[in-house]
Number of protein chains: 2
Amino acid sequence: MATIEQFLESKDIRITAMRLLIYKFLASKEVAVTLSDIQNAFDKADRTTLYRTLKTFEEKDVVHQIDDGTGITKYALCEEGCNCEIGTDLHLHFHCNNCNETICLTQHKIPQIKVPKGFVSEDVNLVVKGICDKCS
Amino acid sequence: MATIEQFLESKDIRITAMRLLIYKFLASKEVAVTLSDIQNAFDKADRTTLYRTLKTFEEKDVVHQIDDGTGITKYALCEEGCNCEIGTDLHLHFHCNNCNETICLTQHKIPQIKVPKGFVSEDVNLVVKGICDKCS
DNA sequence: CAATAAATGCACTTCCATTGCATCTTATTT
DNA sequence: AAATAAGATGCAATGGAAGTGCATTTATTG
Ligand SMILES: [Mn+2]
Ligand SMILES: [Mn+2]
Ligand SMILES: [Zn+2]
Ligand SMILES: [Zn+2]
């Protein structure tokens, strides 16, 4: 078990205090978070820095964006050994209509989707909406 | 084959010149359209009117919104006899990364998605991204 | 330490969704 | 038909979030 510093460096990300805080915050959450969630957690943080940090994390395959249909981008840490970079790790996302939280169902991969002849599938986004386990 | 006027009235929508134009425009398109698409087609039209017309159409199950992940809401006519209102008509949507157009694949229903114990699925949004038949 | 590269913070812009309110139009009632 | 009510439209304004430019601070390297 490497330290967070080692992990980020292995991903070619330079260590800064802010980045460590953001990483730890993401790791402490079991649900996907918005930029505002992070901003509220550290009110001294500038929104732009958070935005660009998440962008860096995403480029380095440390986090992935989630579009759950609420219109607000959410972020979650990638799983150990996920395959975000090659588009293989297509797990589904669940959005709770009650508590409004979104969670990665990393164990639930998106089934193979058939598309009509002539169409080429490159990426799939699947969001299930309903009631989460905590709310039901 | 009823007239458009009769159809809209059967859906409890009052007939206006603008609504007929918007309906015909939607019917003429085989792809999902944005508010701006409609606005550009009728430059005399006010954006708010278009917006509210589409909202009305949606409430009356004449059109459905599509969130294809571009961040811009798109609209398409519901199919004859679709089941938007009861959430049964869950066809998938295809977004072309090349021409940037989004199309309803109404013949392709979303497969049953398994969710973990404790979760209740109420709705599913599935968007496939790739290359469409015209671009491949 | 000097030189360089990267990260941060502030201000600003852009884009789209959404609303308030006044006005115009259509449907209903007397 | 005139009066009234209900609904549709247009203009202006707001709000929320994503994204960018640039100056400043911080870290890295020789
Ligand atoms: Mn996820
Ligand atoms: Mn559709
Ligand atoms: Zn919930
Ligand atoms: Zn295409």
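Lettering follows sequence order; numbering is per chain, from 1. All values derive from a computational prediction rather than experimental measurement.
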Using atom [atom1] of [X] as one end and atom [atom2] of [N] as the other, report the distance to the nearest whole Å.
{"X": "K44(B)", "N": "dA8(D)", "atom1": "NZ", "atom2": "P", "result": "20 Å"}
{"X": "R19(A)", "N": "dG9(C)", "atom1": "CZ", "atom2": "P", "result": "12 Å"}
{"X": "I38(A)", "N": "dT8(C)", "atom1": "CD1", "atom2": "P", "result": "13 Å"}
{"X": "I22(B)", "N": "dG10(D)", "atom1": "CD1", "atom2": "P", "result": "9 Å"}
{"X": "D37(B)", "N": "dC15(C)", "atom1": "CG", "atom2": "P", "result": "15 Å"}
{"X": "L50(A)", "N": "dC10(C)", "atom1": "CG", "atom2": "P", "result": "12 Å"}
{"X": "I15(B)", "N": "dT25(C)", "atom1": "CD1", "atom2": "P", "result": "18 Å"}
{"X": "I66(A)", "N": "dA17(D)", "atom1": "CD1", "atom2": "P", "result": "17 Å"}

Distance test, side-chain N/O of [X] to OP1/OP2 of [N], below 4.0 Å:
{"X": "K55(B)", "N": "dT19(C)", "answer": "yes"}
{"X": "R47(B)", "N": "dA17(C)", "answer": "yes"}
{"X": "R14(A)", "N": "dA27(D)", "answer": "no"}
{"X": "Y51(A)", "N": "dA18(D)", "answer": "no"}
{"X": "T16(B)", "N": "dA8(D)", "answer": "no"}

Answer yes or no: side-chain N or O of T48(B) and base N or O of dC11(D) forming a donor-acceptor pair under 3.5 Å.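 Side chain to base: pair present.
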
base_contact_polar (dG20(C) base, R52(B) side chain, donor-acceptor, <3.5 Å):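 Such a pair exists between side chain and base.
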
To the nearest 0.5 Å, tell me how far L50(A) CG sits from T53(A) OG1.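 It comes to 6.5 Å.
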
Regarding T56(B), tell me which of base, sugar-phosphate or nothing describes its non-hydrogen contacts under 4.0 Å with the strands shown.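 Nothing: the residue T56(B), judged by heavy atoms under 4.0 Å, touches no strand.
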
Determine whether D67(A) and D67(B) satisfy the following criterion, side-chain contact (heavy atoms from CB on, under 4.5 Å), listing intermediate values before the conclusion. CA-CA 9 Å; D67(A) 174 7; D67(B) 174 6; 3.8 Å; yes

Please check this pair: side chain of R47(B) against backbone of Q39(B), looking for a donor-acceptor N/O pair closer than 3.5 Å.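 Checking the backbone N and O of Q39(B) against the side chain of R47(B), no donor-acceptor pair under 3.5 Å is found.
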
From CA spacing to verdict: side-chain contact (heavy atoms from CB on, under 4.5 Å), F25(A), L21(A): CA-CA 6 Å; F25(A) 179 76; L21(A) 281 175; over 6 Å; no

What's the closest nucleotide to the D46(B) side chain, out of dC11(D), dT20(D), dT9(D)?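 Shortest atom-to-atom distance from the side chain points to dC11(D).
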
How close do C96(B) and C132(B) get, heavy atom to heavy atom, and via which atoms?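 It is SG-N, 3.5 Å.
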
